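Only one structure is covered here, and it is reproduced in the block below.
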Amino acid sequence: MNDNYDFRALEEKWQARWEKEGIYQIPDFSDRPKYYCLEMFPYPSGKLHMGHLRNYSIGDVVARFKTMQGYHVLHPMGWDAFGLPAENAAIKHGVHPAKWTFNNIDNMRAQLKQMGISYDWNREVATCHPDYYRWTQWLFLQLFHKGLAYKKKAAVNWCPECATVLANEQVKDGGCERCKTPVIKRELSQWFFKITAYAERLLNDLKLLEGWPEKVKIMQENWIGRSEGAEIDFKVDGMDETITVYTTRPDTLFGVTYLVLAPEHPLVEKLIEGKREEAEIRKFIQKVRNLSELDRTSTEAEKIGLPTGAFCINPLTGEKVPVLIANYVLLEYGTGCVMGVPAHDQRDFEFARKYNFPIRVVIQPAGDKLDPSTMEAAYEGEGVMVNSGKFDGLPNKEGMKAVTRELEKLGKGRFRVNYRLRDWLISRQRYWGVPIPIIYCDNCGTVPVPESDLPVMLPMNVEFKPTGRSPLADCPEFVNTVCPSCGGPGKRETDTMDTFMCSSWYYYRYTSPRETEGPWDKAKVDYWLPVDQYIGGVEHAILHLLYSRFFTKVLYDLKLVNTQEPFTNLLTQGMVLKDGVKMSKSRGNVVSPEDIVARYGADTARLFILFAAPPDRDLEWSDQGVEGCFRFLKRVWRLAAPLADFLKGVPLAPAANLVGANREMRRITHNTIKKVTEDISNRFNFNTAISAIMEMVNALYQYKEIPETDRSPAVLRESLDTLLLLLAPFAPHITEEIWEATGHEGSIHQQPWPAYDPEAIQEDEITIVVQINGKVRERLLVPADLPPEKMQERVLQEPRVLRLIQDKKIIKIIPVPGKLVNIVVK
RNA sequence: GCGGGCGUGGCGGAAUGGCAGACGCGCUGGACUUAGGAUCCAGUGGGUUAACUCCCGUGAAGGUUCAAGUCCUUUCGCCCGCACCA
């Protein structure tokens, strides 16, 4: 070894050798306990960014650490390769999405290899490959046969400028993410997955996910948005129609002074027909429809209501109340219709004040008396029912049940659990996605493509223009086909699937990536799943993670897998910031991983990104911090270089009967093993693990300085070997090189993780602190095993302590073994 | 509005209720150098002292405790998620 840390040469050397020897390729099964370590696969946008680098560095440490600990570790990588950017590139640059995508994959794969991440590349998958999407289609069919995939008319996001449908994720602040034009809603026939059928299980099983961050579970819980309440039927006065409302407050039924429908509610047509308000209402509905999503749902927007001229009958009081439509009522939630109780709902209160509806108090808080004429806000708290007929005097919580039971008896209402979660809209009017395997036939209707005909191949020769419908629709060779049911002419579905569908099952495919008989080999999936550790950005806290959980539950019900939850432990990494804000092209504060690797090497880049912050927190990028990590690795190199040849001749023998500096060095070594092991395995605190290793290097430098005759070669060897083993998951190249140079056979990455010797970390003497009234006044060196009584004795012999308490009265003395003694005086 | 998180040196960040500021960056001084943005050594929260010392200090204010960055209450600020959900 020479003194120069030539990271370029050695990183290249080891990447080539690892690949040649296939040390990261793992067999399907093993006697060792399995461990599935997974990082969220990237969209192949072209280049890795720092977020990727952080994600994969974290995962690689976990995978390497678990491997060294003796686990059989699955650590795969692939590409979430369908999606809009490829198509946009095609429109803009005329390059085919497939070519663009596979080029990007080649680039990014090379970058990942340069980072020295320990992936089993034999298991690589790309969701845009027919061998993969064939099974995405197959899974769609399974859902279709189960009745979990269906088609219905729905309002979708529409960008008038691009003349196309947008996914929810492509709507940013109410506008098109590409051209910023406000998005409007349009009615189109769309495919959905019935995720709402799983709402209860998705909610309840969150409790099983002990290894998930609380924050993510709460976000999912809120997204599912379960609420308990009642449906109440109001008969329309003079018509054979019923308006059903959903409410969480049936106890306030006696306070209803009007009803409000969403403008799009299907009943509105009938209610206004022939009324004198008809024209005005139609105009209003049209106006609301054309509003952008942002304006439509803004809480800032003024609440506007119009009377329909119709009236409804309160099912318990028989009272006639007016029916209105208003912009603030959402068709998609509940029944698209709410009852107005101004006294006990703030929105209703403001609405009633504006339009002069009566405010009727029906819940009276304890020790207070609400007066509608002087109320400044609705009272939404608990209380006792009043003005409510036979329910008067009942606490409102009981009233909720009592009123609903009464309605049930009358057949005019029922208990109802409601969810905020909506069914998952999976159709996209886009080309670069998985074709939905459905054929429409004039005779047979909607016919699924037979499994034996899969995959429905995505045609390659299509035009890319933003026409507002899938480019597939303009491709007759694709559209026109034969009905598999009757043999007559049929037309293919031209929508493709949401890419979230592709990413909802990829972690199963890794277990048997080249399987041709099914989406996966059941035995292999049963062996590997669930994923033991999943790592990725918190931006996927809801969509991807919820969809994957839904899929897993469906697959479980279909007996295709036997796990109910896909990811046992989840780590959501923080963002990479520069100057306090997220790195982004538009801000121009991007630091490219490529440049960092070229300048300092992969080991330095990885080390810095793990050292600069705990993984779940945001990380502030610092060029100087990178420099510091580079310096540290050079320091490790220069520590080992002059010793390498010497150490080759030192036998691996346990050092016994050590004293002085030798004993201390060994103690530090074993303490570091303990600290690093605990920091990685208990809490993923890589930053403190690395600082412990830095401290050990500092200690080794000091140890190296003592006269050679006083130094124990066995201790030196053990310490250096240990240092390399502990550092190996973080900086795999430099440690491998030094491992070889110091005379070891075989890759360092296939060595067992070191265990600490409890005896070695024993200390004879420790420093304890003497506090007087909680303030540190003295430090004493005492035997480590000194019992509390003796500590007390020892402390009271100390002249300095005696001086400080001489004219005070000792109230009590609290000895804490191994730590301190606190003397309370007065 | 609701939900969650975070406030510690000049900076990134450490601290099972028990020595606040580990480790790293930066900075100051020095050594070695023709030179260095290489490397090594020493110092580095604020105040006080000739020195030993002593006092103050984890956004703010209270509280619990022998002991609080850590637990409780109130409050301010920043970040994130959801947002007219009936």
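Just so it is clear: chains get the letters A, B, ... in the order the sequence lines come, proteins before strands, and each one is counted from 1. The model shown is predicted, which means the values in this text are computed figures rather than measured ones.
Nearer the 5' end of RNA chain B, as judged by each residue's closest nucleotide, is the contact made by G628(A), out of D348(A) and G628(A). A residue-by-residue look at Y328(A) and G625(A) shows that G625(A) has its nearest nucleotide of RNA chain B further toward the 5' end.
Taking the charged nitrogens against the carboxylate oxygens, K397(A) and D251(A) have no contact shorter than 4.0 Å, which rules out a salt bridge. Under 4.0 Å is where a charged nitrogen must lie from a carboxylate oxygen, and between E350(A) and R353(A) no such pair does.
One interatomic measurement links the two molecules: CD of E695(A) to C1' of G24(B), which rounds to 11 Å at whole-angstrom precision. Rounded to whole Å, the distance from CG on L820(A) to P on A20(B) is 10 Å. If you measure from atom CZ of F608(A) to atom P of C23(B), you get 18 Å, rounded to the nearest angstrom. The CG atom of L633(A) sits 12 Å away from the P atom of C25(B) (whole-angstrom rounding). Rounded to whole Å, atom P of G1(B) lies 14 Å from atom NZ of K303(A). Per the geometry, CZ belonging to F686(A) stands 13 Å off P belonging to A14(B), to the nearest Å. At whole-Å resolution of the value, CD in E380(A) and P in C85(B) are 9 Å apart. Regarding K704(A), its NZ atom lies at a distance of 12 Å from the C1' atom of C40(B), rounded to whole Å.
For the OP1/OP2 pair of C40(B) and a distance below 4.0 Å, the side-chain nitrogens and oxygens of R635(A) include at least one atom meeting the criterion. For Y333(A) and A86(B), the shortest distance from a side-chain N or O to OP1 or OP2 is below 4.0 Å. In this model, the phosphate group of A15(B) is approached by a side-chain N or O of R683(A) to a distance below 4.0 Å at OP1 or OP2. For the pair K215(A) and G5(B), the criterion of a side-chain N or O lying under 4.0 Å from OP1 or OP2 is not met. Checking the phosphate oxygens (OP1, OP2) of C56(B), a side-chain nitrogen or oxygen of K775(A) falls inside 4.0 Å. Contact annotation: N687(A) reaches the phosphate of A14(B) (side-chain N/O to OP1 or OP2, under 4.0 Å). A close approach under 4.0 Å does not occur between any side-chain nitrogen or oxygen of N685(A) and OP1 or OP2 of G13(B). Within the structure, a side-chain polar atom (N or O) of R347(A) is placed less than 4.0 Å from OP1 or OP2 of C85(B). A close approach under 4.0 Å does occur between a side-chain nitrogen or oxygen of R638(A) and OP1 or OP2 of C40(B). Of the side-chain N and O atoms in R420(A), one or more sit less than 4.0 angstrom from OP1 or OP2 of A83(B). At the phosphate of A67(B), neither OP1 nor OP2 sits under 4.0 Å from any side-chain N or O atom of R777(A).
Counting heavy atoms from C-beta on, the side chains of I325(A) and H265(A) never come closer than 4.5 Å.
For Y355(A) and Y258(A), the gap between ring centers reaches or exceeds 6.0 Å. The aromatic ring centroids of F632(A) and F611(A) lie 6.0 Å or more from each other.
Counting only N and O atoms by type, the side chains of N222(A) and R420(A) include no donor and acceptor under 3.5 Å apart. Using modelled atom types and a 3.5 Å distance limit, the side chains of N418(A) and S227(A) yield no donor-acceptor pair.
By the rule that a glycosidic angle within 90° of 0 means syn, G9(B) counts as syn.
V538(A) comes within 4.0 angstrom of nothing in the nucleic acid, heavy atoms only.
The closest donor-acceptor contact from the side chain of K578(A) to the backbone of V591(A) lies at 3.5 Å or more, if one exists at all.
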When Watson-Crick pairs (N1 to N3 and N6-O4 or O6-N4) and G-U wobble pairs (N1-O2 and O6-N3) count only below 3.5 Å on both distances, what is the dot-bracket string of RNA chain B, with | for other-strand pairs?
(((((((..(((.....[....)))((((((.......))))))(((......)))..(((((..]....))))))))))))....
